[in-house]
Amino acid sequence: MEIPKTYDPKITEDKWYSYWLQHKFFKSVPDEREPYTIVIPPPNVTGVLHMGHMLNNTIQDVLIRRARMQGKNACWVPGTDHASIATEAKVVALLKEKGINKTDLSREDFLKHAWEWKEKYGGIILKQLEKLGASCDWDRTRFTMEDDLSEAVINVFIDLYKKGQIYRGVRMVNWDPQGLTAVSDEEVHHKEVNSKLYYVKYKIEDLSLALSKGEGEEWITIATTRPETILGDTAVCVHPDDERYKHLHGRRCIIPMVNRSVPIITDDYITMEFGTGALKVTPAHDINDYNLGVKHKLEVIDTIAADGKMSEAAKFYVGEDRFTVRKKIAKDLEELGHIVKVEDIKNKVGYSERTNAVIEPKLSMQWFLKMDKISKPALENVLNGEVKLIPEKYVNTYKHWMENVHDWCISRQLWWGQRIPAWYDNKGNTVVCKTKEEAIQKLKGINSEVKSEDIRQDEDVLDTWFSSWLWPISVFDGFKNPEGKDINYYYPTNDLVTGPDILFFWIARMIIAGYEYKGQKPFSNVYLTGIVRDKLGRKMSKQLGNSPDPIELIEKYGADGVRVGMLLCAPAGNDLLFDESYTEQGRNFSNKIWNAFRLINGWETAYTKQTQANTIAIRWFEAKFNEQLEIINDLYSKYRMSEALMATYKLVWDDFCAWYLEMIKPEFVDGKSLPIDNETYDATIVFFEKILKVLHPFMPFITEELWHLIRERAEKDCIIVAEWPKPSGETDEITRHFDVVMEVITNIRNLRKQKNIPQKEQLQVFEKVNQGEVIKTYDEIIIKLCNLSSFEYVTANVDNAFSFVLKHAEFFVPLSQNMDVAAEKERLAKDLEYNKGFLKSVEIKLSNEKFVANAKPELIENERKKQSDAMAKIKAIEEQLAGLK
RNA sequence: GGGAGCUUAGCUCAGCUGGUUCAGAGCAUCUGCCUUACAAGCAGAGGGUCACUGGUUCGAACCCAGUAGCUCCCA
């Protein structure tokens, strides 16, 4: 059968993925082996695969596959998140397209639509993960809103309520006027924007006092970026020490348009330098103002409704959007003579992470989880390294957040999600319990007259993260069945791989839940990937259109190529600047491996005696492989994935293909390849299998394909479950010898190139050993790789030959062409100069008493060696120079 | 405003507790090769005042201080 010259992923990927599935290689059940567990960061059920998923799922799969090969019971649990806000927004939009308004639907009808939609389009992303080669145990696929997981969420809510950790109250929350829900602090992103700072003057009340002093009208000027909130002002505040305003302490001023009289209060919270040093106070629409309001017992006038439009309480512009009103009121105030000036400034504005609407601080009744006590173990155990964050720099960020954590607003004014299990009667009593029946019982205990129809459940649902924080426990049914086999075996999980953007949303909270409900960490290591950006460092986004479609990339370069491309540009802990050229490099690498196979596969074997060159080549590669494997293992243990990949890449491309295979490759005689001796062939197959194994976590498909092509296999003899190679531990000095041999070869090749000697022309090389013993073991290899007619040893310099000097030996290459003596002299002189300079620097070091006194002995020894080497080299060059006529 | 981190070759990055011919890798570039595994390849080469300034040290890319620029997080 003719094997194509290039690797074609299309004919292998689907084939092997279904083969793996069919043989249940991804499946994990508890057994006596050591478990290795990862829970997937559940993507939004409505989502499609983007480059960020691509990156972290590739890493997870690499970790899982390697663990599986190491003989661990590898379990990767997949699943999706119901993502309340995002999904509800999508369903609302979809219904709107059909001409249906959410407000016209009952809760039940809406949820019916939502579920239908979820069943139809949800989980596309999981199918896409299969294309990538993700070896998840699909039988364990979970969804955060399935019955068992929802039950866990409700139970946890009830439990925390009973423990007094959850409370309900009116607080200033971040209101998303588009999503029409409260969101948590973490869901607000602050962006710097260009704004205008309006200076508005308010008239001081009690004019008579001023007039009596003959001062005329008095004003106080405030500065604000949000003039539309003026209608809700209930005070003006100045710093108590501010000389400019001391005469106004205790007086009142008039809010323009609404003509409300409000007090002028003092508080040292005020920054005197900002604006005019006088702050308008709107307790309903700013968190700081709210705090001032509480402190100074100010009236709260809520002038902006839930949808971001002015409310009745505003009295003006009722029903108009806050941003329209901002412009209008500025104009109207101008006409009324209240605007003193307008400045351009930059300030930070909060945006909703989900809808990108400008967040409105708003007072509302919400449910909160107290964070102070519950978060303590989660902080401690990250600080003491029980849970490791990789890279470590995130520990600082984590610590800072945990030490300043605010209560978590967990209620959302949505329907898609777990409904809050709180029940109210008509008298304002509240009970928290699972079912209406229980609620009736409980409420009757408080209010004996209560009727079932008077009882209603809280309309809100819980924050999505209030379900996903339980993920590492709930996917193993740890709430439903706390002593179950699964939870006891797989929990705590090993590694979590995700982006730093959800460090607080999710990671921190999972750690909290882990300690609260299992008394144990949820995972030992958190690998935080960078953010995938484009070549110019911009975040990938739909708007910019700079995000490639991962599935298209896979079609173009193959899943293995894309995986390699992804990891090549993913330095540990840094953002990665993705470019398609990396996936191209990945594809080229696939092809290289493919062709190494084609070479080996094409060989005929014979029972001939193994040449010395082949014996040496095998010994060398064995040693090299072990040396590199240790390095690769070490890099894995430090989660330095891109470096582990690069080490693997070089082992395969450089050491195996460029050196080893070239060394043992049989010669061509009369247009036919000579057969290779059996012993070498067998060793090469074993090497190739080892190479495939270390490649497998990165490139699952091509390695599985070649695993089966290189040798006949039993049905279940697959590389996916093959044993990860073990380093033999032998450190052979052959690799050190070989470094010198390689240098000799490179020098000869370089000479050939410089002198324009065709590849086919054979050369003679003479070696003159100046120091140490003569090692002839490698001569055959040099002859082969440099196409030499002979390699001989001499004791005197060879005249009329080009030469170069390595450690302890000189090499001479006589050429048929005439030597350009002047040029050769110049080259040698340059070399001489460099070596003399080097010797000098070594000697300066050695003659420095303080160096000799302070440096480590082996270091000094090394310097001495450098000195003698350099002197020998200088001597050799000088002799050669003298020999040139 | 507070905090964290970064700045090394054209690009993306390594360089652990200062000391090996220590200034590295991959890609890109240049030169020569269509050599019967692979041109998605082979062979070879050129590229850097380690952001800047000062300090500590026998010795600094590495430690300290300051300056500039960039990024992220928090309020």
Side-chain angles (χ1 to χ4, degrees), chain A residues 3-7 185-186 188-190 271 274 287-288 348 350 391 393-401 404 406 500-501 503-504 530-531 533 535 537 557 561 568-579 581-582 584-603 635 638 640 642-643 645-647 649-650 653 657-658 661-662 665 668 671-673 745-747 749-754 756-760 785-787 807 834-835 837-838 841-842 844-845 847-856 858-863 865-866 869-870 873:
Chain A
I3 298 163
K5 267 170 91 164
T6 49
Y7 167 65
D185 292 345
E186 290 69 40
V188 181
H189 281 188
H190 297 270
T271 312
F274 184 79
I287 179 66
N288 297 312
K348 296 258 180 106
K393 66 178 175 188
Y394 286 107
V395 174
N396 277 327
T397 316
Y398 180 88
K399 176 169 181 267
H400 186 257
W401 185 78
N404 297 286
H406 295 115
D501 47 333
L503 181 60
F504 309 133
I531 291 165
R533 299 171 178 277
K535 215 174 159 180
Y557 299 101
L568 276 175
C569 62
N574 280 342
D575 282 359
L576 50 125
L577 307 188
F578 179 81
D579 185 74
S581 62
Y582 288 108
E584 205 177 310
Q585 195 183 345
R587 179 203 56 186
N588 294 355
F589 187 39
S590 307
N591 206 41
K592 185 73 191 175
I593 300 162
W594 184 253
N595 277 290
F597 161 71
R598 285 181 65 224
L599 175 66
I600 299 168
N601 189 57
W603 287 338
L635 290 168
K638 292 173 180 148
R640 309 191 74 145
S642 64
E643 287 170 65
L645 171 59
M646 187 44 70
Y649 180 92
K650 284 196 278 190
W653 199 308
C657 294
L661 289 180
E662 289 301 328
K665 190 155 98 179
F668 260 79
K672 241 191 102 190
S673 171
I745 292 169
T746 305
N747 267 289
R749 283 172 173 171
N750 188 14
L751 189 69
R752 189 188 277 281
K753 167 93 202 225
Q754 276 175 3
N756 266 321
I757 305 161
Q759 208 56 244
K760 285 182 179 155
L785 295 187
C786 295
N787 193 23
K807 297 226 156 137
Y834 171 82
N835 280 288
F838 175 69
S841 76
V842 175
I844 286 173
K845 224 186 239 184
S847 62
N848 183 333
E849 279 170 34
K850 285 184 177 169
F851 171 74
V852 180
N854 296 326
K856 284 181 248 167
E858 59 265 35
L859 205 79
I860 297 166
E861 190 47 44
N862 218 323
E863 291 298 318
K865 196 158 164 284
K866 277 169 26 180
D869 285 357
K873 203 163 174 183

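In what follows, chains are A, B, ... by sequence order, proteins preceding strands, each numbered from 1.
- Using Watson-Crick or G-U wobble geometry with both donor-acceptor distances under 3.5 Å, B/G41 finds its partner in B/C33.
- Residue A/Lys665 contributes atom NZ, which lies 7 Å from atom C1' of B/A37 at whole-angstrom precision.
- If you check B/G59 for Watson-Crick or wobble pairing at under 3.5 angstrom, you find it has no partner at all.
- Within 4.0 Å (heavy atoms only), A/Tyr582 reaches sugar-phosphate atoms of the nucleic acid but no base atom.
- For the pair A/Lys650 NZ and B/A14 P, the interatomic distance rounds to 14 Å; values are reported in whole Å.
- Comparing atom distances between the A/Arg533 side chain and each of B/A37, B/C72, B/C27 picks out B/C72 as nearest.
- Nucleotide B/G47 forms no Watson-Crick or G-U wobble pair with any nucleotide shown, as no partner meets the under 3.5 Å limit on both distances.
- With C1' as the reference atom, B/G66 and B/A25 are 33 Å apart, rounded to whole Å.
- Remark: P of B/A37 and CD1 of A/Ile593 are 18 Å apart, rounded to the nearest angstrom.
- Within 4.0 Å (heavy atoms only), A/Tyr649 reaches sugar-phosphate atoms of the nucleic acid but no base atom.
- With both pairing distances under 3.5 Å, B/G5 is matched to B/C70 as a Watson-Crick or G-U wobble pair.
- Rounded to a whole Å, the CZ atom of A/Arg598 is 14 Å from the P atom of B/C42.
- To the nearest whole angstrom, the two C1' atoms, one in B/U12 and one in B/U20, are 27 Å apart.
- In terms of modelled atom types and a separation under 3.5 Å, the side chain of A/Asn601 and the main chain of A/Phe597 share no donor-acceptor contact.
- Nucleotides B/A61 and B/U49, compared at atom C1', are 12 Å apart to the nearest Å.
- Note on A/Lys5: only backbone sugar-phosphate atoms sit closer than 4.0 angstrom, heavy atoms only; bases stay farther off.
- The nucleotide whose nearest atom lies closest to any side-chain atom of A/Thr746 is, among B/A45, B/G41, B/A25, B/A45.
- The side chain of A/Lys845 sits closest to B/G19 out of B/G41, B/G19, B/A25.
- The separation of B/G69 from B/G44, taken at their C1' atoms, amounts to 39 Å, rounded to a whole angstrom.
- Remark: the backbone N or O of A/Gly530 is not paired with any side-chain donor or acceptor of A/Asp575 at under 3.5 angstrom.
- The side-chain heavy atoms of A/Tyr649 and A/Gln585, taken from C-beta on, include a pair separated by under 4.5 Å.
- Two residues are said to be in side-chain contact when any heavy atoms from C-beta on lie closer than 4.5 Å; A/Tyr398 and A/Leu503 meet this criterion.
- Taking the syn range as angles within 90° of 0, the glycosidic angle of B/G47 is syn.
- On the C1' atoms, B/G18 is 24 Å away from B/A9, given to the nearest whole Å.
- Between A/Trp653 and A/Phe589, the angle of the ring planes stays under 30°, which puts this pair in the parallel group of the 30/60° scheme.
- A/Asn835 comes within contact range of at least one nucleobase, with a heavy-atom separation under 4.0 Å.
- Looking only at side-chain heavy atoms (C-beta outward), A/Leu635 and A/Met646 stay at 4.5 Å or farther from each other.
- Contact annotation for A/Trp653: backbone-only contact, meaning every heavy-atom pair under 4.0 Å involves sugar-phosphate atoms and none involves a base.
- With B/G44, B/G26, B/C73 as the choices, the nucleotide that has an atom nearest any side-chain atom of A/Arg749 turns out to be B/G44.
- Side-chain atoms of A/Asn750 lie closest to B/A45 of the nucleotides B/C38, B/A45, B/G41.
- With distances taken from any side-chain atom of A/Glu662 to the nucleotides B/C74, B/C38, B/C27, the minimum falls on B/C38.
- With B/A25, B/C38, B/A37 as the candidates, the nucleotide lying closest to the side chain of A/Ala596 is B/A37.
- Checked against B/G26, B/C38, B/C74, the side chain of A/Phe504 finds its nearest nucleotide in B/C74.
- Here the P atom of nucleotide B/C38 and the CH2 atom of A/Trp594 are 14 Å apart, to the nearest Å.
- Residue A/Asp501 contributes atom CG, which lies 15 Å from atom C1' of B/C74 at whole-angstrom precision.
- Nucleotide B/A65 forms a Watson-Crick or G-U wobble pair with B/U53, both donor-acceptor distances falling under 3.5 Å.
- Comparing A/Asn404 and A/Ala870 along RNA chain B, the residue whose closest nucleotide (by nearest heavy atom) sits nearer the 5' end is A/Ala870.
- A heavy-atom distance below 4.5 Å is not found between the side chains of A/Gln759 and A/Asn787.
- Going from atom CG of A/Leu568 over to atom C1' of B/A40 covers 15 Å, rounded to whole Å.
- Rounded to the nearest Å, the gap between the C1' atom of B/A14 and that of B/U7 is 15 Å.
- Taking atom CE of residue A/Met646 and atom C1' of nucleotide B/C11, one finds them 14 Å apart after rounding to whole Å.
- A residue-by-residue look at A/Leu661 and A/Thr6 shows that A/Leu661 has its nearest nucleotide of RNA chain B further toward the 5' end.
- Spacing between B/U17 and B/C62 at atom P, rounded to whole Å, works out to 12 Å.
- Within the 4.0 Å cut-off from OP1 or OP2 of B/A45, not a single side-chain nitrogen or oxygen of A/Arg752 is found.
- Across all strands shown, B/G10 forms a Watson-Crick or G-U wobble pair with B/C27, both key distances being under 3.5 Å.
- Nucleic acid contact class of A/Ala658 (heavy atoms, under 4.0 Å, all strands): sugar-phosphate only.
- A/Lys348 comes within 4.0 angstrom of a nucleotide base, judged by non-hydrogen atoms across all strands.
- Listed nucleotides: B/A40, B/A37, B/G5. Nearest to the side chain of A/Asn396: B/G5.
- Proximity note for A/Phe851 (side chain, C-beta onward) versus B/A14, B/G19, B/C38: the nearest is B/G19.
- Among the atoms of the strands shown, none is found under 4.0 Å from any heavy atom of A/Lys760.
- Judged purely by atom type and a 3.5 angstrom limit, A/Arg533 has no side-chain atom pairing as donor or acceptor with the backbone of A/Phe578.
- Between the C1' atoms of B/C13 and B/G3, the separation comes to 26 Å (whole Å).
- When atom types are taken as modelled, the side chain of A/Asn595 and the backbone of A/Thr6 share no donor-acceptor pair closer than 3.5 angstrom.
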